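Owing to the predicted nature of the structure, the values given are computational and were not obtained by experimental measurement.
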Amino acid sequence: GVTGMETSIDALTSVINGYQLNVNKTERVSDIFFETIRLGKTTFAELNESIGKVIPIAASAGISFAEVSAALATMTRQGLNTEMSATALRGAIAELLAPNEKLKVILAQITKEQDVLHWSALGLQRTLDLVAKSVNNDTTKMSELFGNIRALTGVLQMVGDNAPMAARVLDLVTNSVGAMGKAFAETSSTEQTAMNRFKAKFAEFKRDIGRGEPPFLSWLAARGSNLI
């Protein structure tokens, strides 16, 4: 159902600020949120409480908000709660950014084979899938690559037999334009008044951040919309 408007706006603000986004990306972020909630087992309130754990490190690693959201949807739909999923995702990204020697060798081999300069160019889900395949999806060997047990727990939800589903979720989240509008259209008459209030608050939010729009960081500006 429709959550508290303030909670929803808080979640939007966390992403807009965390990625230093232009005001014209607000609706896109909202679409991603709505699709994440539809595909996963989470709510705006739960995402609002947890998203701040992973956005800073994801943004610094060049991992898009769509990738972050798809990973959270994938993990939560398989039983991890939102807080655990965010913690696991943060841990996985941290291990990729500062890999142990075994993982470092595998990442170097993957980037060479895929002809990219850095694993982030492949995307998070694709990178994890390739890492897992390099050890034949062996859980014991994966535990040697991802020593943080929480990170490993999250990674295992996205690789092996789960990889096709994770890739499908990523595709749906990435192509979620219009998800917010669709959610509005599908609400029952009893929810419509609340949805109308949300839309009014959303429009107010866009106006407010438009007045004090944060500047793009130079590296983020170069990436344009890729981090959404």
Separation between OG1 of T26 and CG of D31, rounded to the nearest 0.5 Å: 11.0 Å
Nearest-0.5 Å distance, CG of residue L128 to CD1 of residue I93: 9.0 Å
From CA spacing to verdict: side-chain contact (heavy atoms from CB on, under 4.5 Å), T43, I37: CA-CA 6 Å; T43 65; I37 292 166; 5.6 Å; no
Non-hydrogen atoms of E35 and V173 that approach each other most closely: CG-CA, 4.0 Å
Short side-chain donor-acceptor distance under 3.5 Å, T76 and S85: no
Option passing side-chain contact (heavy atoms from CB on, under 4.5 Å) with V169 (candidates L72, T36, L39): L39
Worked check of side-chain contact (heavy atoms from CB on, under 4.5 Å) between L156 and N162: CA-CA 8 Å; L156 293 178; N162 297 320; 5.9 Å; no
For the student: nearest non-hydrogen atoms of L21 and V15, plus distance: CD1-O, 4.2 Å
Geometric class of the F34/F44 ring pair [parallel <30°, tilted 30-60°, perpendicular >60°]: perpendicular
Closest heavy-atom pair and its distance - A61, S120: O-CB, 3.5 Å
Residues, nucleotides or ligands: over 12 heavy atoms within 6.0 Å of K41 NZ: no
Side-chain donor/acceptor of N100 to backbone N/O of E144, under 3.5 Å: yes
Reported CZ-to-CD1 distance for the pair R90 and I51, which is rounded to 0.5 angstrom: 12.0 Å
Rounded distance [0.5 Å steps], CD1 in I55 versus CG in N17: 11.0 Å
Under 3.5 Å donor-acceptor, E95 side chain and N148 backbone: yes
Under 3.5 Å side-chain donor-acceptor pair for S176 and R28: yes
Polar side-chain atom of N81 near backbone of E83 as donor-acceptor pair, under 3.5 Å: yes
Gap separating the CD1 atom of I63 from the CD atom of Q125, nearest 0.5 angstrom: 12.0 Å
Hydrophobic cluster membership, M165 vs L170, 4.5 Å side-chain cutoff: no
Test side-chain contact (heavy atoms from CB on, under 4.5 Å) applied to Q157 - qualifying residues, sequence neighbours left out: M75, Q78, L80, T153
Under the side-chain contact (heavy atoms from CB on, under 4.5 Å) test, residues paired with V135 that sit two or more places apart: I106, K141, M142, L145
Minimum heavy-atom distance A58-Y19, with the two atoms named: CB-OH, 3.7 Å
From CD (Q114) to OG1 (T127), nearest 0.5 Å: 9.0 Å
Polar side-chain atom of T174 near backbone of D171 as donor-acceptor pair, under 3.5 Å: no
Pair L124-L89, side-chain contact (heavy atoms from CB on, under 4.5 Å): steps then yes or no: CA-CA 10 Å; L124 178 64; L89 183 55; 3.5 Å; yes
hydrophobic_cluster_shared for V155 and V105, side chain cutoff 4.5 Å: no
Heavy-atom closest contact (T111 atom, W119 atom, distance): CG2-N, 3.5 Å
Heavy-atom closest contact (T74 atom, M158 atom, distance): CG2-CG, 4.2 Å
